[in-house]
> 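There's a structure below that I have some questions on.
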Amino acid sequence: MTQRQTLFDIGSLVDYLQKLNGPQRAAVEWGAGPILILAGAGSGKTRVLTSRIAHLIQTRQADPTQIFAVTFTNKAAAEMRHRVHTLLNEEMGIHLEERDLWVSTFHSACVRILRSHGHFLGFPNHFTIYDDSDQLSLVKACMRELNVSETTFSPKSIQGRINKIKNEGYDASNYKSTYGGPFEDAFLRVFSRYTEALKQSAAMDFGDLILQTVKLFTEHPNVLKAFQDRLGHVLVDEYQDTNRCQYLLVKKLVSSAGNICVVGDEDQSIYRWRGADISNILNFEKDYPAAKIFKLEENYRSTRNIIEAASRVIANNTERRDKTLFTNNTEGDKILLSEAYDEHDEAFKVISDILNGVTAGESLNQIAVFYRTNAQSRVIEDVLRTKGIQYQIYGGLKFYDRLEVKDSLAYLKLIANPSDDVSFRRIVNVPPRGIGNVTLERLMDQARVYGVSLFSLLEKSLGPEPTITVDLGRSRKSLLEFYNLMAGLRAAKPSLLPSDLLNMVLEETNYRSSLQKEDSVEAQSRLENLAELRQGIVEYELRSGGDDPNKKITLETYLEEIALVSDLDRYDPTAPALKLMTIHMAKGLEFDRVHIVGLEEELFPNIRSWDAAEPSDIEEERRLLYVGMTRARKRLFLYFAKNRTVFGTSHFRVESRFLEEIPKEYLETKKADYFTRRRHYLDRPGLPPRSAHGEEYSQVGDFDPGFEQGPSDDEDLRAGSKVEHPIFGLGIVRQVLGDDKIVVEFRGRGTKKISRKFTQLREV
């Protein structure tokens, strides 16, 4: 052990272990070898993971430097570090700094490895990290260079394909295409050129950070061996969210001793769309046959009604292990299921329920509204603004993606790494300097001829000792001014803190003064964002010891930190505002009251064709609802609309199949007042005709799609009967109109009025 550690204190250890329940304590105390901890929602997984780290150190099974723990967000990593630090320092008497613990995100860990060992792969230690927008910009530049039409081939589609391939552990050199045709040919050309451009710019995208680390360990086994010898214990949080490349990284780091501990819950695997592979956690014992499995099934977060209802829903999945969540919490209120006339009625119901909670004394910052897609927030926001209710949206435009912030950071990136062509192209004419696209294209052509970066081209042609001659046309003077500006900023970098360097950038480039001269509301907002950016840098400097003259704060380390920040890392639970977000964004959060809207077929589950849906797609959607339900501590509200406007046309909707999986004893159901609501909405000025797949409402008179009707004279079919149509598939009879006509609501096909004389219907 290190000298910082005190003598082993068995008393403090026993005191702490007594705070854990039986399965938690067993997982914490287990010795060497592979461990799988199946942690249900709200079962204390972070407590177990951090307790195990502290336990390994306390019992001298590992030195702090021998432990490597990874998770997915900076927020989660910071919380884990803080908890371990508190346990060791305050409860176990072991004194060490938080920074002595290697607890980080996957991306941060790989950056740390590549900064020190990336030279084996030909990367400098100051490489730039490209975020999603930088990556898309580079993809577009490569497409233009190769004359690949953005109209015919979507840049975003190509970007997504590149990310998917990298998540699976491949790059342009070893990817073997199984497709053919013009799109594939164009993609392979762009992918190859994109890879070359990254290397030339001394840059990596997010996928590269993991992929290049795996490549480093594969091609340089001596480097891998050094890390394996050093890291005696590997711990992974949220293992169900790992993709193939992350899986390979972890597998390589685990030494022959096999000391790996993973924590996860396959029922909360909701990121398949970005590469997460649920089989990683389901097949853990195949990778590690000697694995010991612990199940954490007691939920400490939610009421019994919420937990039991969520458990009944997720039990319908087949891709899961045998575990059942339970709680000793109170039974709590029933889940409120509200039926709405349309999305506007739904929004009013949501806000009414929220205001009732606030009136009853509940805190607005402990209330959240979840939706399946970002587009659903608009109607809710309209009502919130009308009511004057403060709210925050998570998952929209990120702070670091705003125009003025991206511009300022591009200057800083180019100062730190003059090979960064993406940043060069972004700011060479910002603010305007008379350097147009034609000039930029000429520069790019010349840079390719000489095999250098754009800034290096200027340096070699316009610098103090020019070595090449480039025809820069009428823009020569402007380019010379830009080169001198950047050369001056680069020369000032070593003597300035990042916050002071940002100030210098904004002054020397006239970026700030140009906004001040604009004198508009938008310009003022952009100036405020720049002030917020500087404040963020100052806070980073203080966190990193900027007030200590012995601590070296560099521009590169700041750029690394903000490149890896996520929108969730900026989440502030104390802000006095209602929280709005997609359920994907809600993962890892919890609230006293949760409102989930849009529980309808084709929206949630977000499956376009009911009949053609793959079982795995449905199971992923069911897991998503399970995650949303288990974010609620005290109250849960579910909503669906019987009509919703899609692409400008209102259609009848069918309530989500998942609602049928919640037993009625857990629900309190509120039906919509259709006659009042319909009259109210039809009276609105300028309302377009409402239709369901081309059929006007008037065709079925005053049909109420939620109306419960008793038996008709026709005894074999009645409202509520389930039927199958040879074309429309499965449906539910909603109304019987005399001897011949019935109204049937089909899943994913809307509501149809059908003549039984001319249609073959089979009762299910």
Side-chain angles (χ1 to χ4, degrees), residues 107-142 145 159 162-163 166 171-173 190-216 219-220 223 406 408-428 440 443-444 446-461 463 468 482-483 486-487 489-491 493-494 498 501 505 554-564:
H107 290 104
S108 294
C110 289
V111 169
R112 178 172 169 178
I113 293 169
L114 291 170
R115 291 285 188 218
S116 56
H117 295 82
H119 60 276
F120 285 105
L121 301 176
F123 285 94
N125 61 8
H126 63 269
F127 63 83
T128 298
I129 302 170
Y130 282 173
D131 61 18
D132 289 340
S133 59
D134 295 331
Q135 182 189 31
L136 184 60
S137 176
L138 183 57
V139 167
K140 290 179 178 179
C142 293
E145 178 184 333
Q159 178 189 28
I162 289 173
N163 290 338
K166 289 187 177 184
D171 60 19
S173 66
V190 173
F191 191 13
S192 178
R193 177 58 192 141
Y194 171 83
T195 303
E196 294 172 0
L198 276 177
K199 199 72 174 284
Q200 183 177 318
S201 296
M204 295 190 196
D205 58 30
F206 287 152
D208 276 327
L209 297 178
I210 313 286
L211 180 63
Q212 294 296 338
T213 306
V214 172
K215 185 177 181 180
L216 171 70
E219 296 181 357
H220 300 275
V223 176
K406 290 288 290 183
S408 301
L409 291 176
Y411 272 105
L412 296 180
K413 287 179 181 180
L414 191 58
I415 292 170
N417 174 17
S419 298
D420 184 355
D421 282 354
V422 168
S423 294
F424 182 101
R425 287 193 296 268
R426 182 181 185 94
I427 48 88
V428 68
L440 188 55
L443 279 177
M444 293 167 62
Q446 291 295 307
R448 284 192 292 273
V449 169
Y450 288 103
V452 296
S453 68
L454 292 169
F455 187 82
S456 179
L457 182 73
L458 293 188
E459 187 172 42
K460 292 177 181 297
S461 60
I468 60 177
F482 176 73
Y483 167 74
M486 293 306 302
L489 291 170
R490 282 181 49 76
K493 179 177 82 80
L501 188 59
V505 166
T554 68
L555 175 62
E556 288 79 8
T557 55
Y558 166 72
L559 291 173
E560 176 185 315
E561 175 167 295
I562 59 100
L564 300 177

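Just so you know, these numbers come straight off a predicted model, no measurement behind them. For this chain, numbers begin at 1 and follow the sequence in order.
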> Go through the structure and list residues passing salt bridge (Lys or Arg N to Asp or Glu O under 4.0 Å) with Lys166, not counting sequence neighbours.
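Testing Lys166 for salt bridge (Lys or Arg N to Asp or Glu O under 4.0 Å), a comparison that skips the adjacent residues, returns Asp205, Asp208.
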
> Does His220 have any side chain to side chain contact (heavy atoms under 4.5 Å, CB included) partners at least two apart in sequence or in another chain, and if so, which?
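Expected list: Phe120, Leu121, Leu216, Asn222, Val223.
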
> First locate atom CD of Gln159, then atom OG of Ser137, and finally report the distance between them rounded to the nearest 0.5 Å.
10.5 Å

> Could you tell me which residues satisfy ring pair (Phe, Tyr, Trp, His ring centres under 6.0 Å) with Phe455, sequence neighbours excluded, listed by chain and number?
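By the ring pair (Phe, Tyr, Trp, His ring centres under 6.0 Å) rule, Phe455 matches Tyr483.
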
> Is the shortest distance from a Lys or Arg side-chain nitrogen in Arg426 or Asp134 to a carboxylate oxygen in the other one below 4.0 Å?
no

> Are Asp132 and Gln135 close enough that some pair of their side-chain heavy atoms sits under 4.5 Å apart?
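Contact flag for Asp132/Gln135 side chains = yes.
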
> With Glu560, which residues qualify under salt bridge (Lys or Arg N to Asp or Glu O under 4.0 Å), at least two apart?
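With sequence neighbours excluded, Glu560 shows a salt bridge (Lys or Arg N to Asp or Glu O under 4.0 Å) to Arg115, given in chain and number order.
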
> Going by side chain to side chain contact (heavy atoms under 4.5 Å, CB included), name the residues that satisfy it together with Ser116, two or more places apart in sequence or in a different chain.
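Side chain to side chain contact (heavy atoms under 4.5 Å, CB included) check on Ser116 returns nothing, list empty.
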
> By side chain to side chain contact (heavy atoms under 4.5 Å, CB included), which residues pair with Arg448, not counting sequence neighbours?
Glu145, Arg193, Met444, Asp445

> Could you work out, with side chain to side chain contact (heavy atoms under 4.5 Å, CB included) as the rule, every residue matching Ser192, not counting sequence neighbours?
Glu196

> Would you call the rings of Phe482 and Tyr411 parallel, tilted or perpendicular, taking 30° and 60° as the class edges?
tilted

> Can you name the residues that form a ring pair (Phe, Tyr, Trp, His ring centres under 6.0 Å) with His126, not counting sequence neighbours?
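Counting only residues at least two positions away or on another chain, His126 forms no ring pair (Phe, Tyr, Trp, His ring centres under 6.0 Å).
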
> Okay, side chain of Thr195, backbone of Phe191: is any donor-acceptor separation there less than 3.5 Å?
yes

> Among residues at least two apart in sequence or on other chains, which ones pass ring pair (Phe, Tyr, Trp, His ring centres under 6.0 Å) with Tyr450?
none

> Starting from the C-alpha separation in whole Å, work towards a yes-or-no answer on side chain to side chain contact (heavy atoms under 4.5 Å, CB included) for Lys493 and Glu556.
CA-CA 11 Å; Lys493 179 177 82 80; Glu556 288 79 8; 3.1 Å; yes

> Name the atoms and distances for all side-chain donor-acceptor pairs under 3.5 Å in residues 414-422, with sequence neighbours left out.
{"residue": "Asn417", "atom": "OD1", "partner": "Ser419", "partner atom": "N", "Å": "3.1"}
{"residue": "Asn417", "atom": "ND2", "partner": "Thr128", "partner atom": "OG1", "Å": "2.8"}
{"residue": "Asn417", "atom": "ND2", "partner": "Ser201", "partner atom": "O", "Å": "3.0"}
{"residue": "Asn417", "atom": "ND2", "partner": "Ala202", "partner atom": "O", "Å": "3.3"}
{"residue": "Asp420", "atom": "OD1", "partner": "Tyr130", "partner atom": "OH", "Å": "2.4"}
{"residue": "Asp420", "atom": "OD1", "partner": "Val422", "partner atom": "N", "Å": "3.3"}
{"residue": "Asp420", "atom": "OD1", "partner": "Ser423", "partner atom": "N", "Å": "3.2"}
{"residue": "Asp420", "atom": "OD2", "partner": "Ser423", "partner atom": "OG", "Å": "2.6"}
{"residue": "Asp421", "atom": "OD1", "partner": "Leu454", "partner atom": "N", "Å": "3.0"}

> Looking at residues at least two apart in the chain, or sitting in another chain, which of them share a ring pair (Phe, Tyr, Trp, His ring centres under 6.0 Å) with Phe206?
His107

> Which pairs count as salt bridge (charged side-chain N to carboxylate O under 4.0 Å, His left out) when at least one residue sits in residues 116-127, sequence neighbours excluded?
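Of all non-adjacent pairs touching residues 116-127, none passes salt bridge (charged side-chain N to carboxylate O under 4.0 Å, His left out).
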
